Amino acid sequence: MKKLYTHENRLIVFNLKNLLEEQGISCFIENEFSSSGAGVLAPVETWPEIWVSEDYQFEKAEKIITEMLRIKTHGVDWICSICSESNSENFNICWKCNSPVPEINK
Ligand SMILES: [Zn+2]
């Protein structure tokens with residue numbers, strides 16, 4: 001098992017985990033429930049973490065996550081046209097409903 005990624009925003013972590021699983025990567029989340037302090041920035045140690053279960057999949061998982069995080073390297077956050085949720089500019093699909101980025105934001 002290897003730790004792949006961590007971020008203070010658990011929604012981002014969960015979204016990435018879902019995308020990895022769609023790609024056949026066996027992974028799980030650590031610290032899932034520990035960063036719930038209301039309005040308080042959690043220390044890095046309590047950020048949710050994505051772990052890859054199988055070491056042989058780690059390299060592939062790393063490539064997938066790097067690709068996803070560099071798809072949009074500039075610009076602003078975007079609003080989902082389906083559910084109106086705001087999304088990080090790093091995402092190419094809505095974290096909430098999995099809709100693709102609206103054309104206007106591409
Ligand atoms: Zn959406």
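The model shown is predicted, which means the values in this text are computed figures rather than measured ones. In listed order, ligands and their atoms are each counted from 1.
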Where the side chain of W78 meets the backbone of F91, is there a donor-acceptor pair that is under 3.5 Å apart?
->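 Checking the backbone N and O of F91 against the side chain of W78, a donor-acceptor pair under 3.5 Å is found.
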Are any side-chain N or O atoms of K60 and backbone N or O atoms of G24, one a donor and one an acceptor, separated by less than 3.5 Å?
-> no
Atom pair CG/CH2 of L16 and W95 - distance to nearest 0.5 Å |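 Rounded to the nearest 0.5 Å, the CG-CH2 separation comes out at 13.0 Å.
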Tightest non-hydrogen contact, residues S26 and Q57, listed as N-OE1, 2.9 Å
Shortest non-hydrogen separation from K3 to F58 and the atoms involved | O-CE1, 3.4 Å
Atoms of the protein (N/O/S only) found under 2.8 Å from the Zn ion (ligand 1) =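 Sorted hits: C80 SG, C83 SG, C94 SG, C97 SG.
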Can you list the other members of the hydrophobic cluster that holds F28, where links are side-chain heavy atoms under 4.5 angstrom apart?
->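 F28 shares its hydrophobic cluster with M1, W51.
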